[in-house]
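Whatever order the structure lists ligands and atoms in, that order sets their numbers, starting from 1. Predicted, not measured: the structure shown is a model, and the values here were computed from it.
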Amino acid sequence: MLTDYHVHLRPDQEGSTAESYFTSANVDRYREAADERGIAELGVAEHIHRFVQSLDVWRHPWYRYWAQDDIDAYCDFVRSHGLKLGIEADFLPDREDRIANVLDGRPWDYVVGSVHFMGEDAVDVHGEPDWEAWDIWRGADPERVWSRYFETLGEAARTGMFDILAHPDLVKLFGNRVPAPDGDLRRFYERAMDGIADSDVAVEVSTAGLRKPVREMYPAAPFLKMCLEAGRPVALSSDAHTPEQLGYEYERAVEWLSDLGVKELAVFEDRGRRLEPIG
Ligand SMILES: [Zn+2]
Ligand SMILES: [Zn+2]
């Protein structure tokens, strides 16, 4: 069985309103793409910062800019269209209770946890004039950024708040467009591994990295091997923001997983997990 759980029904851009994208016609486009690509399990995981309720978690400029939609209307829409219901929630240290207040009591099939922010800065924002003021890469020491990123990732796993740990080595996404550390990167991965090993989280394998400047799968093979040795299951997703991106490069991903000895994928329902053979 193939899955695509970390999927957005719309691009991250101006004018991508709920009214224009949370429609039956749009869901049909995603479902057709899933059928074509043999993806039996299709779910969506909208960014938490798109919902007004996220302002109770954080009043960061990014959140204030994007928070426009109602989270319960989203849940109703997704459920009524027969998709698995997820959300992509930022891990924000010291805000766990506030995040839990938004997540608890809502009918998720799974919660995708992401480390996008370290402090006020986002690791996946670079060279966008509007957000330049909090570009983490300005004058950054890559050793420090990477160390902190993976420490935060381990903390995110350890909270137990998330079912899936998204794009685990997101910090690499800009490739050599930003300063990058040298040598064996496992010294960074190890900083996350205690938290991941102590958790029950599924580790996302995401083909989205292949679309980014780094042109690599998330996570790198050595990182995934460490997670597998720690007994963590794999969740496969594309982080699509359009129907065209659904299941992006899945043939390559399936082959890559097979080479790494992964034979099963995590499947989610009502925040429960089971394993199914990769189909
Ligand atoms: Zn993300
Ligand atoms: Zn995403």
Side-chain angles (χ1 to χ4, degrees), residues 3-13 16 18 21-22 26 30 33-34 39 41-51 54 57-58 60 62-63 65-67 69 71 74 78 83-92 99 102-103 108-118 121-126 128 131 134 136 145 149-150 152-153 155-157 159 161-174 192 201-214 216-220 223 235-250 253 268:
T3 62
D4 207 343
Y5 284 133
H6 183 164
V7 169
H8 303 270
L9 286 172
R10 55 186 172 177
D12 293 328
Q13 66 189 37
S16 56
Y21 285 92
F22 295 169
N26 194 36
Y30 278 79
I39 295 162
E41 275 281 298
L42 179 61
V44 293
E46 186 52 277
H47 290 289
I48 197 169
H49 66 246
R50 300 296 294 258
F51 303 114
S54 73
V57 176
W58 204 18
H60 186 278
W62 182 259
Y63 276 49
Y65 185 82
W66 287 108
D69 302 332
I71 200 168
Y74 163 75
V78 173
L83 299 168
K84 285 288 171 76
L85 174 62
I87 185 167
E88 181 175 11
D90 292 314
F91 172 59
L92 302 166
I99 299 166
V102 173
L103 298 178
W108 313 113
D109 287 304
Y110 53 88
V111 174
V112 178
S114 298
V115 175
H116 295 120
F117 289 92
M118 288 187 283
D121 295 341
V123 286
D124 56 347
V125 172
H126 174 59
E128 289 184 47
W131 307 102
W134 43 281
I136 203 168
V145 174
Y149 173 82
F150 284 100
T152 310
L153 187 73
E155 281 175 51
T159 63
M161 299 174 65
F162 308 115
D163 303 300
I164 300 172
L165 202 56
H167 40 54
D169 56 351
L170 178 72
V171 68
K172 73 182 177 184
L173 94 159
F174 295 114
V201 81
V203 173
E204 181 177 83
V205 165
S206 171
T207 56
L210 299 168
R211 298 188 270 111
K212 298 292 162 66
V214 68
E216 280 179 21
M217 211 77 79
Y218 297 126
F223 183 101
L236 177 64
S237 289
S238 67
D239 208 346
H241 286 66
T242 64
E244 292 71 34
Q245 292 173 346
L246 203 76
Y248 180 75
E249 292 275 18
Y250 262 25
F268 295 90

| task | Please list, chain by chain and in numerical order, all residues satisfying side chain to side chain donor-acceptor pair (under 3.5 Å) with Lys212, sequence neighbours excluded. | result | none
| message | I'd like to know if the side chain of Ser238 reaches the main chain of Ala240, judged simply by a donor and an acceptor atom lying under 3.5 Å from each other, with no hydrogens or angles considered. | response | yes
| query | Looking only at atom types and distance, does a side-chain atom of Arg50 sit under 3.5 Å from a main-chain N or O of Tyr63, one as donor and one as acceptor? | reply | no
| Partner set under side chain to side chain donor-acceptor pair (under 3.5 Å) for Glu216, not counting sequence neighbours | Lys172
| Near the Zn ion (ligand 1) (under 2.8 Å) - protein N, O or S atoms | Glu88 OE2, His116 NE2, His167 NE2
| query | Backbone or side chain, does His241 get an N/O/S atom under 2.8 Å to the Zn ion (ligand 2)? | reply | no
| query | Looking at residues at least two apart in the chain, or sitting in another chain, which of them share a ring pair (Phe, Tyr, Trp, His ring centres under 6.0 Å) with Tyr74? | reply | Phe22, Phe51
| request: Verify the ring-centre separation between His6 and His167: is it less than 6.0 angstrom? | output: yes
